[in-house]
Amino acid sequence: MAAKGDLLLEMSGVQKRFGGAVALRGTGLKIRAGEIHALLGENGAGKSTMLKILAGVHANDGGSIKLGGKDFVTGSPEASIDQGVAVIYQEPSLFLDLSLAENVFIGRQPKKGVVIDWKFAQSEAAKLFKELGVELDPKRQARGLSIADQQVVEIAKALSMNANIILMDEPTAALSASEVSRLMTVMRSLKSANKAVIFVSHRLDEVFAISDFITVMRDGATVSENPVEKTNLQKVIKEMVGRELNEMFPKTKNKVGEVVLDVHDLTNPAYFRNISFTVKKGEIVALAGLVGSGRSEVARAIFGVDKYESGSVTLNGKDLPKGSPEDAMARKIALVPEDRRQQGLFMIAGVNRNISMESFNKLVDRGLINFKRERALTNTWRDKLSIKFANQADPVDRLSGGNQQKTVLAKWLATDPDLLIVDEPTRGIDVATKAEVHRLVNQAASEGKAVLMISSELPEVLGMADRIIVMREGRQVAELSREEATQEKIIAAATTGKRGA
Amino acid sequence: MFANLKLSSIRRSWDTAIILLLALVLIFASATTGTFLTSTNIFYIFSNTSEIMIIAFAMTFLIILGEIDLSVASILALSSSMLGYSYVRGVPIWGAILICLATGTICGFINGYLVTKLGLGSLAVTIGALALYRGIANGLLGENTVNEFPSAATDFGLKSIGSTFMPRTLPLILLFGIFFALLLHRTPFGRRTLAIGQSPEAAKFAGVDVVKHKLIVFTFTGFMSGVAGMVYTFRFSTAQADNGVGLELLVISAILLGGVSIFGGIGTIWGVVAGVLLAGSVESWLTLQEIEAKWRTIVTGILLLISVAAPVLVQKSKARRERMALKKSG
Ligand SMILES: Nc1ncnc2c1ncn2[C@@H]1O[C@H](COP(=O)(O)OP(=O)(O)OP(=O)(O)O)[C@@H](O)[C@H]1O
Ligand SMILES: [Mg+2]
């Protein structure tokens with residue numbers, strides 16, 4: 001076993017091409033035992049590709065990878081596991097009907113003779129959970145576990161397979177603040193067990209809070225490698241983006257007009273009860289709260305993807321029929337959904353096809369889609385949001401995560417809506433584009449649109465919103481004005497239901 | 001994600017491949033059989049594939065949506081029977097034709113209604129409908145056949161345009177072909193069809209009325225089966241209850257051969273046209289070689305299996321690694 005600080009993994013000059021597109025052009029990465037290592041870079045810089053090479057999903061085309069001084073075998077997930085590398089995906093796929101212990105030991109059940117020794121599995125799993133500082137019950141079913149807890153189960157599984165290097169690709173993107181701090185606890189436990197953690201994140205405050213070492217990539221190459229003490233936020237951003245970035249949340253003061261959206265006593269007992277609020281012209285209202293507090297469900301009910309039991313939704317003074325996204329769209333509502341892969345995109349369809357999906361009225365000429373206009377529309381939004389792709393017709397599946405998110409945003413911003421609902425709009429988006437998305441949302445508001453924003457990133461909520469409605473377990477527990485809102489107040493309301501100090 | 005990606009790019013090359021394959025088959029057939037590329041034989045290939053082509057244009061949309069209609073051949077028979085039944089009872093021929101088309105449309109609507117509004121699976125519903133519509137046709141005509149139709153109608157079914165290789169039904173088929181190709185590839189309706197097939201959930205979030213959309217496609221598949229019923233009736237100058245038995249399998253196999261994914265979401269009209277003509281040419285070549293009908297059926301079966309299995313097998317081997325990775329992660 002490597003001692004703390006020993007060089008564990010050394011990647012140098014690593015290259016990877018996908019067809020004609022170069023994803024990595026000679027990247028280096030040095031990982032030491034007992035270290036939390038952040039891998040940063042803009043969308044499409046090649047971070048996920050690096051991790052996928054280590055995970056055995058892709059084989060590298062060139063360069064060298066040494067693990068403990070020996071050549072690292074790439075291109076096979078089994079080989080990666082054998083070499084002590086484990087991946088924790090952003091959205092783990094546990095077997096929901098099995099217990100946590102069964103999930104940890106799936107495929108490698110400990111045996112006593114021929115029978116599976118569940119007692120042993122359970123006590124082992126319990127021990128692992130304890131080591132990680134999260135006391136989950138190994139006997140409970142995986143169903144109903146939050147994403148954060150599912151990640152913990154995956155990490156326990158990795159430990160049980162003696163992984164030394166744990167890869168996490170944007171593990172916090174789908175987590176709320178309190179879950180993030182718990183994941184950090186887990187990461188610190190891994191560190192003290194002398195494991196190496198490599199993680200990717202676009203939430204730079206977290207990166208500086210937890211990591212020991214930061215490697216920054218740009219355009220498929222490594223641009224800097226520094227211990228965290230030797231660098232800072234501005235420097236890292238400059239290295240990622242290649243230039244200085246000024247204000248992060250360019251909030252403008254808009255003229256607030258009449259009520260656009262009026263939600264009254266909305267109830268769907270499974271998810272939320274008695275939700276009432278308004279959003280006015282030119283206003284940005286944020287729904288804050290923990291993941292699972294019912295925010296997304298409220299948005300979905302307004303847009304009509306889900307039905308609700310009682311209450312009403314009024315748009316510009318007229319009732320909006322329930323359960324009809326077609327009507328919602330016709331009345332100029334846009335919803336940028338939470339889950340881009342399942343809800344926001346047609347993964348095998350081209351970037352152009354995805355972006356134009358809601359804008360046919362602008363593209364159709366005598367009943368037929370005008371391809372020239374479709375190309376122009378795609379180019380316009382590629383430039384506005386700096387979406388990175390090789391060809392317009394490339395399936396969005398080939399885009400990096402952040403560029404997929406930008407594609408969903410483009411598709412809905414292109415509809416020029418009266419009410420823009422955005423659910424985690426900047427999930428997985430890099431700093432520079434995040435600022436750009438914030439600018440676009442602000443601009444939409446200043447043009448007189450009403451904006452309803454759901455976000456788990458408190459700085460984003462505080463920076464963008466005129467008013468903040470906090471939800472907890474399906475209920476509306478607080479409403480804060482921009483002036484009175486602080487991180488502490490929001491967290492207090494979201495976790496205890498009290499308006500906080 | 002990788003599996004889908006691979007599947008889609010293979011599919012995309014598949015419908016170009018099928019056009020090349022069609023060209024190869026034509027070259028091979030004409031080289032081995034002198035009578036293959038004669039205008040009479042080409043006339044027969046077009047003629048014999050008329051109904052398959054007509055139904056396939058519409059059914060392509062259904063399969064792209066991730067649905068299927070196994071009752072199309074029964075709809076063909078029922079609408080053909082209605083045509084004959086009403087004509088011998090004194091309805092003028094154009095009126096009988098309208099009744100025939102209306103019958104098809106109604107049958108398609110019923111299928112769509114049962115599938116979408118009651119949420120029943122299209123396989124189960126249309127297997128039932130397959131028996132039901134054929135049964136009604138039997139009740140209507142029994143063992144009888146109607147085979148006196150105005151000569152204008154039967155000429156339309158039987159004759160060629162002048163002394164060319166083109167059947168008189170060809171312009172109608174071409175018109176439908178252009179219409180459905182534009183519908184699928186150039187209109188919002190077509191985009192939504194593909195979208196629903198690729199991800200019903202994302203389609204819902206995109207404001208597509210999935211239920212209404214499917215209902216429309218089922219209905220026009222019924223209508224096109226009615227059109228096929230009319231063409232069939234005039235081509236054989238016969239309206240009877242067992243017209244077109246088993247035709248649904250030929251339609252489905254031609255569509256899959258044409259590169260439409262059985263899982264939905266992927267497909268082109270030109271691929272399907274090539275698929276239908278390929279199946280028709282192979283059939284014709286086997287006939288000219290005087291190969292027995294049962295062997296021809298076997299060949300059709302093999303073609304169907306290849307067209308379903310090949311893309312999946314290629315994808316499986318290529319994406320094995322990626323899928324292993326995903327599984328390992330789970
Ligand atoms: N399977 C693939 N086929 C083609 N191109 C790909 C594929 N996977 C990644 N790429 C390309 O490689 C480049 C790097 O992608 P990667 O996913 O590594 O970016 P990333 O740094 O993780 O970005 P993000 O922050 O958006 O997640 C991108 O330009 C992407 O389009
Ligand atoms: Mg990524």
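Below, chains carry the letters A, B, ... as their sequence lines are ordered, and counting in each starts from 1. All heavy atoms count here, side chains included; hydrogens, waters and symmetry mates do not. On a predicted model such as this, the values are computed, not experimentally measured, just so you know.
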Do S99(A) and F105(A) have side chains that get closer than 4.5 Å, going by heavy atoms?
no
Test log, rule side-chain hydrogen bond (donor to acceptor under 3.5 Å, both in side chains), inputs N111(B) and T126(B):
CA-CA 7 Å; N111(B) 290 350; T126(B) 60; over 6 Å; no
Look only at the side chain of N354(A) and the backbone of L345(A), and say whether a donor-acceptor pair between them is shorter than 3.5 Å.
no
Can you tell me which portion of E374(A) sits under 4.5 Å from chain B's heavy atoms? Options are side chain, backbone, both or neither.
side chain
Select all residues of residues 189-200 of chain B having any heavy atom within less than 4.5 Å of some heavy atom of chain A, and report them by number, or 'none'.
R191(B), R192(B), L194(B), A195(B), Q198(B), S199(B)
Counting the benzene-type ring for Trp, do F205(B) and F303(A) have ring centres under 6.0 Å apart?
no
Parallel, tilted or perpendicular: which fits the ring planes of F180(B) and F220(B), with parallel below 30° and perpendicular above 60°?
tilted
Among R353(A), Q342(A), R340(A), single out the residue with the greatest number of heavy-atom pairs under 4.5 Å to chain B.
R353(A)
Which residues pass the side-chain hydrogen bond (donor to acceptor under 3.5 Å, both in side chains) test with D418(A), sequence neighbours left out?
none
Which region of V364(A), side chain (C-beta onward) or backbone (N, CA, C, O), has a non-hydrogen atom less than 4.5 Å from a non-hydrogen atom of chain B, or is it both or neither?
side chain
Please flag which part of S324(A) lies under 4.5 Å from any non-hydrogen atom of chain B: side chain, backbone, both or neither.
neither
What closest approach, in Å, do T105(B) and L101(B) show between heavy atoms, and which atom pair accounts for it?
OG1-O, 2.7 Å
Can you confirm whether L54(A) sits close enough to I198(A) that some side-chain heavy atom of one is under 4.5 Å from a side-chain heavy atom of the other?
yes
